[in-house]
Amino acid sequence: MKEKVQNIVKKFHNDRSRLMDILLDIQKDFNCIPDEAASIVATLLNMSKVDVNQTISFYHFFSKEPVGTYAVYLNNSAVACMMGREEVARAFEEEVGTSFNSVTEDGLIGLWDTSDIGMNDQEPAAIINGIVFTNLTPTRVKEIVIGFREGKDISEMVDKYGDGQNSNELIRSMVNNNIRKKGPVLFSEYEVGMAIRNVANYSPEQTIEIIKNSNIRGRGGAGFPAGLKWEFCCKSGGEEIYLVCNADEGEPGTFKERVILTELPMLLFEGMIIAGYALNAKEGILYLRYEYKYIKDYLEDVLQQLRNLNLLGNNIAGKGGFNFDIRIQLGAGAYVCGEESGLIESMEGKRGEPRNRPPFPVQKGYKNMPTVINNVETLSSVVKIILNSPEWFKAMGTKESAGTKLLSISGDCKHPGIYEIEWGMTINEMLEMVGASSVQAVQVGGPSGVCIDPSQFARSISFEDLPTGGAMIVIGENRDLLKEFVMNYTDFFIEESCGSCGPCRSLTVILRNKLQKIMDGKGVKADIDELYEWGNYMKQVNRCGLGQTAANPILTTIENFRPLYDSLIKTDDDFVSTFNMEKAVADSCKYVGRVPKL
Amino acid sequence: MDNTEKIKFVIDDKVCYAEPGQTILEAAKSNGVYIPSLCYIEGVKPPGSCRICNVRVNNRNLIACTTPVAEGMIIDNDIPELNELRKAIVEMLFVSGNHFCPGCEKSGNCELQALAYRFQMMVPRFPYEFPEKGVNATSKYIFHDRNRCIMCKRCIGKVMKDEKHVFAYNSRGGEHLHVVMDEELASQLTEEEATEAMDICPVGAILKKERGYYSPIGHRKYDKESIGSDIEKK
Ligand SMILES: Cc1cc2nc3c(=O)[nH]c(=O)nc-3n(C[C@H](O)[C@H](O)[C@H](O)COP(=O)(O)O)c2cc1C
Ligand code: SF4
Ligand code: SF4
C-alpha cells in the first residue's frame, strides 16, 4: 500500500492543495481511504492525521471504510421520493439483504443514501460505482442486484443509452437530456471559435464593457452582475487572477448544468476562455461535482479539441500573449462546496467550509489571489452576447433580468426537463408549459428558495419578483407538503451544513425536532410561532447562504400555508401540561424490577 | 498617531477612533466597548464560527470579529434585539452539548457560562438534546471532553505541535460534526503547552490532567464581575 500511496502523492507533487485529487485517487484504487493510507498521506504532506481526516470526513464520497465492491448511492431528495424512491430502496434492501448505509457482510454490496444527484427529471436514480442509473423500479433493482452477484462489470448493466451526447463513447450513459424548450441564447446555432476570435480583436477592458452593457446577472442564484464582478476582480491587483466555473450544481431540483455539460461543453469552455481573456487570467478551473464524474472524460476530450483548434493553450487564436488553459477539478460530494468560498477551500484541498467575508473571492480567492467564480450558465451565455450584441441580449427578458433563463422543472408535471425561457414568464404560464394541473404549490429555486401557493401563480420569474437559480419543483394537490418537502429539505440542510456556525449547526436540528413535534400532533400554537421566530434567527446570523436559507422551507410554508400547520394543532393549551409518568419511568422500573406506584 | 489619522466611527452612540485595519471587535475593545464573543481570541485569525459578535450596520447584521471597521460606520451593538439573538445562540450551545456546570472544573472561569450570566439566561428556550459525545483521555497531560465542546475552533487555529494542527473538525453537519484531538501529537505536548491549550478553550472541553478545581469559589474569573466588564471599565 505504501508505495501505491506514495506514487499518488508524488503524482500531485506532494502538494497539499491537491489533497482532493490525492484522496480521489486513493478512494478509487482502494474503494475507500484506509486509515493507513491517511497516515501515509499525512506524513508525506507534513500534516497531522486529524487534519487529513478533516478533509476526508467532510465529503460524502470519501470513506474510511470500504463502501462495497458495488456501492449504490440512491438519491433521497424530495422529488426522488415523489417518484417512488422508497419502493426502490425497499427492493434494494430486500434483494441485497442489508439496510441502507451499510455493507453486506461479504463486502460485495453497499447501500447508501445520498443527497440530490441532479437527475430530478428521471428519478428514482442512483449512482453505482460512478455510473448513473435512472428511472429505477423494483423490477429493475432485482436485475441489477442479480448482476452484482454475477460479478458483472457495472457499465455492462447499462442497457440503453440516453439521447444526444449521452451515447457518446466517452460518456455511455443512460441519462436523458429532456431538453423541452430551446431558447435564443443557449441553444441557438453558432460557429465554434468565432466569439474567441472576436474578443481577440478587443482589449480586455472592452470585453468587460460589453458584458457590463448586456446587464447579465449571475445564473447561480445570487444574481450578481457578471461584468461588474469581472471589473472588481481586475481592479484587485493580484499577481495572478483565476477564473473558476462553478459546476457543483447541488441545489436539489436543478439539473440544467448536467445538460449544458453534456450538449454544449464547447460553448461553456468558450465562455471561460473569453472570461479568461477579459480578466487576464492564465488558468481556468472547472469545479465539477462528483455526481457528474461520468461526463469528465468527455469534457477532457473537448478541451483537447479546443487545444487542437488553437482556442486553448498558448497564443490563442493566433494572438501573442493570449494564453489560457483549463483544468477540471472534481468534487467529492458536498452541497456547500457550491458556495463560492467553500468551493475555493475545496479546490485548495480542505474541507469545503465557506470563508468569512470580507475579503471576497474577487479580492482574495483561490490561493489568496483575485478569483472570479461564475456559474456554468452565466459563462455559456457570455459567448452569445459577444457574437450578437449586448443590445440583442437586453432586448430579451425584463428590465432587471436581461436574457433567458434555463429552468430545471420536475415534480408533478407531464414534461419534466429543461426549458430555456425569457425572464418574466409567470408561474401560471410555466405550469401550462410543463403540463401541470391541480397544483398545490411550487418550490421556486429549490429548498433554499421559496414555496408559493396558487394565489401567487401570477407572479413572474425574474430578479424583480421571483428570482431562481433554475430549480422549479411542481407539487401536486395530493402531496403531504410538510412531510414530503419541508421535512425532507430541512433534513437536507442538516446533513449538508458545514457545521461551523453555531446556529446553522444547532438550530437546524432544533427546528426539525419542533416541526416533527407538530407533525406528530403534539404541538401547541406557540410552537408554530416559535418555529417562525427561531427560523428568522437563521437569516440574520449565519455566515453563508446555506445557513441563511436553511429555514426557508419552514418559514415560507408558514407564511404561505399556515392553515396546514394550524390543522395539526390539537389543543388550545399554551403548553403541553401532561406527560405520561408510566412511560417515563418504564426503563428505570425495568432495571430495578419495580412496578410504578402512581 | 493623533485622531485625525484614525478611522472615526460610532458604536452605541459613542464616538470612537480606530487604527486602520482593525476589526470592529478590536476597535470597540480599544474604545472600551465590549462586544460579546466566544470564538475570537487575540492573535489568531478569527474563525467567525460562534456568530455571537453580531452587530448591526445600516440595518445589516455583520460579524464584528471579521469585519474591518470603516470610516463613518454607525454600529448598533448593545441593543435589546441583538442581545436577545446572542442569548439565543448561547442557549443553543447549552442544549446541543452536555454542560453540567456545577461539576465542571472550568465553572466560574468558563466564558460560555459567563455569557449566560451576562445575558441572564434562566433556562434555555430550546429543549435539551442530551447528545451522546465522547471523552478522549489518551494524552499524557490533557483530556478532551467533547460533551462540553462548543466547536468554536479556537483550538483548531491555535494549538499546534511542529506546525501541525493538534485539533481538527471531523465530519460535517448538524448532527455529525465534532472536534477531534490528534492522539499522537497531543501526547507530545509539554506540560506548559497543555496548560496553554486549556487556557485557549473557552469552556471546559480541554482540561489539564491532575489539576481539578484550581481556585475556590469567590476567586474565580467571573465570580465577582461579569464577562466584558474589564473592557468596559477602561
Ligand atoms: C449553499 C450554496 C450553494 C451554492 N451552490 C451553487 C452551485 O451549485 N452552482 C453555482 O453556480 N452557484 C452556487 N451557489 C452560488 C455561488 O456562491 C456563487 O454565487 C455563484 O457560483 C456565482 O456565479 P454567478 O454569479 O455566475 O451566478 C451556491 C451558494 C450557496 C450559498
Ligand atoms: S452558514 Fe452553515 S454552511 Fe454556511 S458557513 Fe455557517 S455553518 Fe457552514
Ligand atoms: S475544544 Fe474548546 S477550544 Fe476547541 S473547539 Fe471545543 S470548545 Fe473550542
Side-chain angles (χ1 to χ4, degrees), chain A residues 39 42 45-60 334-336 350-359 490-514 517 530 533-534 536-537 539-543 547-548 550, chain B residues 38-39 45-52 54 56 60-61 63 65-68 81-82 84-86 88-93 95-97 125-127 129 131 150-153 156 160-186:
Chain A
S39 299
L45 298 181
N46 200 26
M47 298 165 77
S48 62
K49 188 149 154 217
V50 287
D51 208 358
V52 173
N53 284 338
Q54 178 165 252
T55 298
I56 297 173
S57 60
F58 188 80
Y59 296 93
H60 190 60
Y335 165 64
V336 74
K350 296 179 240 164
R351 76 195 298 270
E353 177 179 324
R355 296 177 175 176
N356 292 297
R357 277 152 293 186
T490 306
D491 278 333
F492 166 78
F493 286 122
I494 293 173
E495 176 68 25
E496 297 294 335
S497 157
C498 87
S500 170
C501 302
C504 180
R505 181 180 66 238
S506 305
L507 199 48
T508 43
V509 177
I510 292 169
L511 292 172
R512 196 258 323 266
N513 294 347
K514 193 174 267 290
K517 179 184 168 196
E530 280 177 349
E533 188 189 334
W534 301 350
N536 270 303
Y537 295 159
K539 285 189 181 173
Q540 298 175 51
V541 294
N542 286 313
R543 185 188 307 157
Q548 288 157 6
Chain B
L38 267 180
C39 66
K45 191 176 163 205
S49 58
C50 77
R51 318 306 289 172
I52 288 174
N54 243 279
R56 197 163 288 170
R60 270 190 58 206
N61 287 51
I63 289 300
C65 70
T66 60
T67 312
E81 222 180 314
L82 285 178
E84 192 52 36
L85 200 57
R86 292 163 177 166
I89 297 173
V90 168
E91 291 176 9
M92 265 171 235
L93 294 172
V95 301
S96 59
R125 73 198 70 185
F126 311 111
E129 284 165 26
I150 55 170
M151 295 185 245
C152 69
K153 272 184 103 175
I156 298 176
M160 306 292 282
K161 185 78 192 173
D162 302 334
E163 292 174 23
K164 294 177 196 168
H165 294 276
V166 180
F167 291 89
Y169 271 153
N170 196 276
S171 191
R172 69 173 188 216
E175 291 174 306
H176 306 296
L177 183 83
H178 55 284
V179 172
V180 288
M181 178 173 83
D182 194 291
E183 298 185 358
E184 196 185 320
L185 287 181

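Values in this document were obtained by computation on a predicted structure and should not be read as measured data. Letters go in sequence order (proteins before strands), and every chain restarts at 1.
- In this structure, A:Arg543 contributes its side chain and B:Gly48 its backbone to a donor-acceptor pair below 3.5 Å.
- Contact annotation: the side chain of A:Ser500 never approaches that of B:Pro47 to less than 4.5 Å [non-hydrogen atoms, C-beta and beyond].
- When all heavy atoms of B:Leu177 and A:Cys498 are compared, the pair lying nearest together is CD1-O, 3.8 Å.
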Checklist line | Check against side chain to side chain contact (heavy atoms under 4.5 Å, CB included), A:Asp51 and B:Lys164 | finding: CA-CA 8 Å; A:Asp51 208 358; B:Lys164 294 177 196 168; over 6 Å; no

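- Contacts between B:Glu129 and chain A at a heavy-atom distance below 4.5 Å involve the side chain alone, from C-beta outward.
- The candidate with the highest count of non-hydrogen atom pairs below 4.5 Å against chain A, out of B:Leu185, B:Leu93, B:Leu85, B:Ile156, is B:Leu85.
- Residue A:Glu530: no heavy atom, backbone or side chain, is found under 4.5 Å from chain B.
- Within the 4.5 angstrom heavy-atom criterion, only backbone atoms of B:Ile150 (N, CA, C, O) approach chain A.
- Proximity of A:Cys501 to B:Ser49: side-chain heavy atoms (C-beta onward) are nowhere separated by under 4.5 Å.
- Across A:Val50 and B:His165, no two heavy atoms sit closer than the pair CG2-O, 3.7 Å.
- B:Arg172 places a side-chain N or O within donor-acceptor distance of the main-chain N or O of A:Phe58, the cut-off being under 3.5 Å.
- In this structure, the portion of A:Asn356 lying under 4.5 Å from any heavy atom of chain B is its side chain and not its backbone.
- For B:Val95, the part lying near chain A is the side chain, with the backbone staying farther off; criterion is any non-hydrogen pair under 4.5 Å.
- Using a 4.5 Å cut-off between heavy atoms, A:Ala334 touches chain B through backbone and side chain atoms alike.
- Heavy-atom pairs under 4.5 Å with chain B peak, among A:Thr508, A:Ile56, A:Asn542, at A:Asn542.
- A pairwise comparison of heavy atoms in B:Cys50 and A:Pro503 identifies O-CD, 4.1 Å as the closest pair.
- Remark: side-chain polar atoms of B:Asp182 are paired, donor with acceptor, to backbone N or O of A:Lys49 under 3.5 angstrom.
- No part of A:Phe493 comes within reach of chain B, as not one of its non-hydrogen atoms sits under 4.5 angstrom from that chain.
- Residue with the most contacts toward chain B among A:Lys539, A:Arg357, A:Glu353: A:Glu353 (heavy-atom pairs, distance under 4.5 Å).
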Next item on the list: Give the C-alpha distance, both sets of side-chain angles, the deciding distance and a yes or no for side chain to side chain contact (heavy atoms under 4.5 Å, CB included) between B:Ile89 and A:Tyr537.
Entry: CA-CA 9 Å; B:Ile89 297 173; A:Tyr537 295 159; over 6 Å; no

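- Listed for the A:Arg351 side chain is a donor-acceptor partner under 3.5 Å among the backbone atoms of B:Ser171.
- Between B:Tyr169 and A:Gln54, the shortest heavy-atom distance links the atoms N-OE1, 2.6 Å.
- Taking 4.5 Å as the limit, some side-chain heavy atom of B:Arg56 sits within range of a side-chain heavy atom of A:Gln540.
- At a 4.5 Å heavy-atom cutoff, the contact between B:Asn54 and chain A is made by side-chain atoms alone.
- Listed by first and then second residue, the salt bridge (charged side-chain N to carboxylate O under 4.0 Å, His left out) pairs that reach into residues 501-511 of chain A come to none, sequence neighbours excluded.
- Interface remark: of the candidates A:Val336, A:Asn46, A:Thr55, A:Asn53, A:Asn46 forms the most heavy-atom pairs closer than 4.5 Å to chain B.
- Most heavy-atom pairs under 4.5 Å with chain A: of the set B:Arg125, B:Arg60, B:Glu84, B:Glu183, this distinction falls to B:Arg125.
- Chosen from A:Ser48, A:Gly499, A:Ser506, A:Gly352, the residue pairing most often with chain B at heavy-atom distances under 4.5 Å is A:Ser48.
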